[in-house]
Amino acid sequence: MKIETPTWMNQGAGQPPDLLFSFRAEAGITGFDSMREAEDYVVADEIGTLYRLDPLLNVKLLTRLQEPARQLSWSDTGEFGSALLGNSTLVRLDAKLKVIWTIEIPFTCSAIAIDPYGIFTFVASSEGGAIVIDDLGKKAATFETMRPLSYIHFMVEEPVVIAAASHGLMGAYALSGKKIWEKTLWSNVGDLALIQKTARICLAASNQGIQVYDGSGDSEASLILEGTVNKISVSYTGKQAFASTVEKHVYRLDEDGELKWAATSDVAVTRVDSHPIEPVGLFVFEDRTILRAQWY
């Protein structure tokens, strides 16, 4: 639904969005992910509703799960997704939000991520380590990690996962189960995003702002923002980034880290999402609202 720009979006620095669309879930939002190629979005709420939204946040499909999805991850193609129910129930879903299979993972899960083509799901353990589940629900690989992983993203161009713990660890892992590299981090981490075109890694590093690393995990840049950065998302090429803070600040940045827009929301932001190409960002709020902002 198209809406008028909220007052707070016009009260900060830089150019506010030109066009806004909104969606409001039936209950608190527990999961969200974007389908970069399909350009749709998937949303889960506290009463077990699962929504597939079109690019303008209209509901295309809706279903009810047996219990709320604690985490969601969807393939870029939009054909398949994974949902985590409770602590250890992994569900595979198709493009119409139908359940394909449900399996019990033999540990408490800290995070999940599905690959861009919807074949493999990376499942991290809250005790450390991870497994890869294939499209038939079978275990394909096992990993050992120094700390439990909380943030996971697949590279698009190669079968590699980049992941980080909430504190103390960032690493790259091949789908075969091989550790490519691991690095010690000295900050808390609230989110992780990848600049896919250049294989750069961006971390929302709390009071240390946004930390940028190369594909080997070596530090490249540091961008300090006002507030405690807790969420981040970047476009495919890195030309656009969105970030939010614990203090409800929201930011839009260009590829050089220059501020394009900043404001302070009335409601806490729980997720930000950048369109892979277009000047479009999504903000998921604590009050079960999602806003799609577009610039020209």
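In what follows, every heavy atom counts, from backbone to side chain, and hydrogens, waters and symmetry copies are set aside.
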V280 and L282, any side-chain heavy atoms less than 4.5 Å apart: yes
Pairs satisfying side-chain hydrogen bond (donor to acceptor under 3.5 Å, both in side chains), at least one member in residues 192-208, at least two apart: T198-R200, R200-E220, N207-T228
Joining Ile, Leu, Val, Met, Phe, Trp and Tyr whenever any side-chain heavy atoms lie under 4.5 Å apart, the cluster holding L136 also takes in none
State yes or no: do M35 and L50 share one hydrophobic cluster built from I, L, V, M, F, W and Y residues joined by side-chain heavy-atom distances below 4.5 Å, directly or via other members? yes
Using a side-chain heavy atom cutoff under 4.5 Å and only I, L, V, M, F, W and Y, what cluster partners does F285 have? M1, I3, W8, M9, L20, F242, V250, W261, V267, V269, V272, F283, L291, W295
Find out whether L90 and I133 are in side-chain contact, i.e. whether some heavy atom of one side chain is under 4.5 Å from a heavy atom of the other. yes
Sorted by chain and residue number, the side chain to side chain donor-acceptor pair (under 3.5 Å) partners of Q211 (sequence neighbours excluded) come out as S222
What side-chain donor-acceptor pairs closer than 3.5 Å can you find for residues 115-123, not counting sequence neighbours?
residue, atom, partner, partner atom, Å
D115, OD1, Y117, N, 2.7
D115, OD1, G118, N, 3.2
D115, OD2, I119, N, 2.8
D115, OD2, F120, N, 2.5
T121, OG1, S82, OG, 2.7

Heavy atoms from other residues, nucleotides or ligands near CD of E4 exceed 12 (cutoff 6.0 Å): no
Tell me yes or no: between the side chains of E127 and S125, is some donor less than 3.5 Å from an acceptor? no
Besides Y213, the hydrophobic cluster formed by Ile, Leu, Val, Met, Phe, Trp and Tyr side chains linked at under 4.5 Å, directly or via other members, contains Y151, M155, V160, I162, M170, I180, W181, L185, V189, L192, L194, I201, L203
Decide yes or no for R36 and I277: does some side-chain heavy atom of the first lie under 4.5 Å from some side-chain heavy atom of the second? no
Does the side chain of T145 reach to within under 4.5 Å of the side chain of K179, using non-hydrogen atoms? no
Ring pair (Phe, Tyr, Trp, His ring centres under 6.0 Å) assessment of F23 paired with Y41: CA-CA 11 Å; F23 164 78; Y41 305 96; over 10 Å; no
Under 3.5 Å, is there a donor on one side chain and an acceptor on the other for S244 and N230? yes
